[in-house]
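Shown next, in structure tokens, is the structure this report addresses.
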Amino acid sequence: MTTIQPQGEALKKAIQWISQARKKDPDINLAMLVDKTAFKFDLSPKDSEFLLRFVKAETDP
């Protein structure tokens with residue numbers, strides 16, 4: 001059974017999930033990881049774009 005989460009909560013969980021995935025594999029392809037995460041957490045296109053920018057901003061020096 002699937003529960004519906006507020007969008008902010010889904011995005012928060014998606015960020016945590018990406019963080020854990022990147023700890024396991026620091027060289028993972030970020031675009032593919034964000035796509036997989038967006039699908040897993042049923043994120044909107046707008047949230048997916050935010051997530052990609054957020055993840056890339058963390059990796060830029």
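What's counted below: heavy atoms across the whole structure, side chains too, no hydrogens, waters or symmetry copies. Sequential numbering from 1 along the given sequence is applied to the chain's residues.
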(request) Please tell me if the side chains of F39 and K36 come closer than 4.5 Å, counting only heavy atoms from C-beta onward. (result) no
(message) To check you understand the geometry: which heavy-atom pair defines the closest contact between A14 and L43, and what is its length?
(response) CB-CD1, 4.0 Å
(message) Tell me the closest heavy-atom pair linking A31 and L52, and the distance in Å.
(response) CA-CD1, 4.2 Å
(message) Let me confirm one number: the CD1-CZ distance from I18 to F41, rounded to the nearest 0.5 Å.
(response) 8.5 Å
(message) Within this structure, what is the CD-CG distance for the pair Q16 and L11, rounded to the nearest 0.5 Å?
(response) 10.5 Å
(message) Are V55 and L33 packed together at the side-chain level, in the sense that at least one heavy-atom pair is separated by less than 4.5 angstrom?
(response) no
(message) Nearest 0.5 angstrom please: K24 NZ to S19 OG, how far?
(response) 11.0 Å
(request) With rounding to the nearest 0.5 Å, note down the distance linking OG1 in T37 to CE in M32. (result) 11.0 Å
(message) As an exercise, state the distance from CD of Q20 to CH2 of W17, rounded to the nearest 0.5 Å.
(response) 9.5 Å
